[in-house]
Amino acid sequence: MAKKHNNVLPGFNLSLGFTIFYLSLIVLIPLSAAFIKTSSLSLHEFWVAVASPRVVASYKLTFGASLIGASINALFGLLTAWVLTRYTFPGKRIIDAMVDLPFALPTAVAGIALTAIYAPNGWIGSLLAPHGIKVAFTPLGVVIALTFIGLPFVVRTVQPVLEDLEAETEEAAASLGANRWQTFTKIIFPAIAPALLTGFSLAFARAIGEYGSVIFIAGNMPMVSEITPLIIITKLEQYDYAGATAVAVVMLIISFLLLLAINGLQWWSSRRNASAI
Amino acid sequence: MSGISTTQFSKYSARVAKSRATSEPVWVRWALIATTLLFLSLFLFMPLAAVFSEALRKGFYTYITALADADALSAMKLTFIAALIAVPLNLVFGVAAAWAIAKFEFKGKSILITLIDLPFAVSPVIAGLIYVLIFGLQGWFGQWLSDHDMKVIFAIPGIVLATIFVTFPFVARELIPLMQAQGKDEEEAALVLGASGWQILWRVTLPNIKWGLLYGVILTNARAMGEFGAVSVVSGHIRGMTNTLPLHVEILYNEYNYAAAFAVASVLALLALVTLVLKSIVEWYAARSARAVEKN
């Protein structure tokens, strides 16, 4: 396995051995337990567990809300990254640091804070309630929570690409008669598109698995505002370990596919950037 | 005199033309800044403000009482214990993984990097579930553990394991690209000068990666202290025993004890703010030392 060439540095076997040992112990063997547990189910039992109407409704909500949340983040994340790299305004450095808040703030805290704001008697909820708009305890609340937790991804993937963008190409476009909007759509956007797509996928992947921030604001009504991770918890609490694991395996497979897609995207964008230089 | 002013004017007009061509009109600029600030206020600043405002709503005395509560203190202790075990273990793993991946060539390297990232892609709830399948009463080792009067699930070891899982990739992810960029020239030079492997690690590699390492530790610690989903599955929510701070927030909230829930939440929010400040400081130092390296 070790193709050392003429590498003289020590510690290869020790470091790789420990890495694989620790990875297997903490991640690989426990994850395989989910697949082994599910293989004890018959195909019919598996289907009943993962495709009952209540579970299917939770997939629709989880994926739908994650998609909307990630799209909101793609739009506003791009805008935030743009404003932070291109413009100067007072408090910019604090804003820049604060973008990472959703990474640092425990999800349960985010969940109860968002619920407090969007509940019918909350700061924003009380403004919306007279117009008949309910956010907390509806699927809309799920979207709000998933938008919050995915916020940093697009900003942090697009920002470095925008910073590295050469001014010359934009100047060339301008000197050739392009207006600012044309320069953005034809020159800048294609350059940041891979990073934007990567950030979107990261936010989407994170949103699908999210639990802590959602359960407080969702209301958790079966068929309406119940997310898939909550279905797993509910099945566990009813000691339906096989059913919980079957739903988990469906989510795991989807997550793995997303991870592969994200890695492919990053490979594509780094190759594009490398060829541009 | 007039010559100078003409050149100055043409310089000025050139600058104006340039800034018009490669930047936006002032009103567009301010509209974009305003939209961004509105979005970030709604999604970042308002939730943060809500935590502190709700926490102090019933007055400072209620706030302090909620924090000095025995269950809150024991939750705090458990949160620190979990982080204190998870962070060093993942730190050692991160250095080992980055050493193998950055300093050597081997088959399957990109698969290994993807596998290290795996815990990021797994829902926290599933992270908890897989340990229940192994160590729970009906799990692989459940019978053996109960025969020997040991508990992992609904006990502290399960909480620690779940915390290790969800924070698994942070340090490795920071160090791998950093050490790949630094190459191995310095380590090889140290080797030629007669340093042993451990001497190279302590005297050459670790000083070179200290900011990346610290950055990874800060991220790991923040996630370890704040993890909710994974820990919630394995904890069993036994007050005063297997409750971490985020779980304690949930329990208080579900008991409609909002003031206390937000009081405990405000401690976690403060920790998050401290994390962001430390992170910014480390980023600043890392950028400075990177510039110093470039100059040399």
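To find a chain, count down the sequence lines: A is the first, B the second, and so on, and within it residues start at 1. Because the structure is predicted, anything quoted here is derived from the model rather than measured.
- Contact of B:E54 with chain A is made through the side chain alone, with heavy-atom distances under 4.5 Å.
- Ring-plane geometry between B:F39 and A:F76 is classed as parallel, the angle between the planes falling under 30 degrees on a 0 to 90 degree scale with a further cut at 60.
- Within the 4.5 angstrom heavy-atom criterion, no atom of A:W181 approaches chain B.
- Checked by atom type and distance alone, the side chain of A:S255 never pairs as donor or acceptor with a backbone atom of B:V122 at under 3.5 Å.
- Only the side chain of A:I117 has a heavy atom closer than 4.5 Å to any heavy atom of chain B.
- Neither the backbone nor the side chain of A:A205 comes within contact range of chain B, judged by heavy atoms closer than 4.5 Å.
- Contacts of A:F103 with chain B are absent, with no heavy-atom separation under 4.5 Å from either backbone or side chain.
- Ring planes of A:Y211 and B:F228: parallel class, angle under 30° (limits at 30 and 60°).
- For B:L115, the parts lying near chain A are the backbone and the side chain together; criterion is any non-hydrogen pair under 4.5 Å.
- Of all non-hydrogen atoms in B:L44 and A:V99, the two that sit nearest each other are CD1-CA, 3.9 Å.
- For A:I187, the side chain to side chain contact (heavy atoms under 4.5 Å, CB included) partners two or more places apart in sequence, or in a different chain, are A:T169, A:A173, A:T183.
- Not counting sequence neighbours, the partners of B:E283 by the side chain to side chain donor-acceptor pair (under 3.5 Å) test are B:Y215.
- If you measure heavy-atom distances from A:I94 to chain B, you find no contacts under 4.5 Å at all.
- For B:F165, the parts sitting under 4.5 Å from any heavy atom of chain A are the backbone and the side chain alike.
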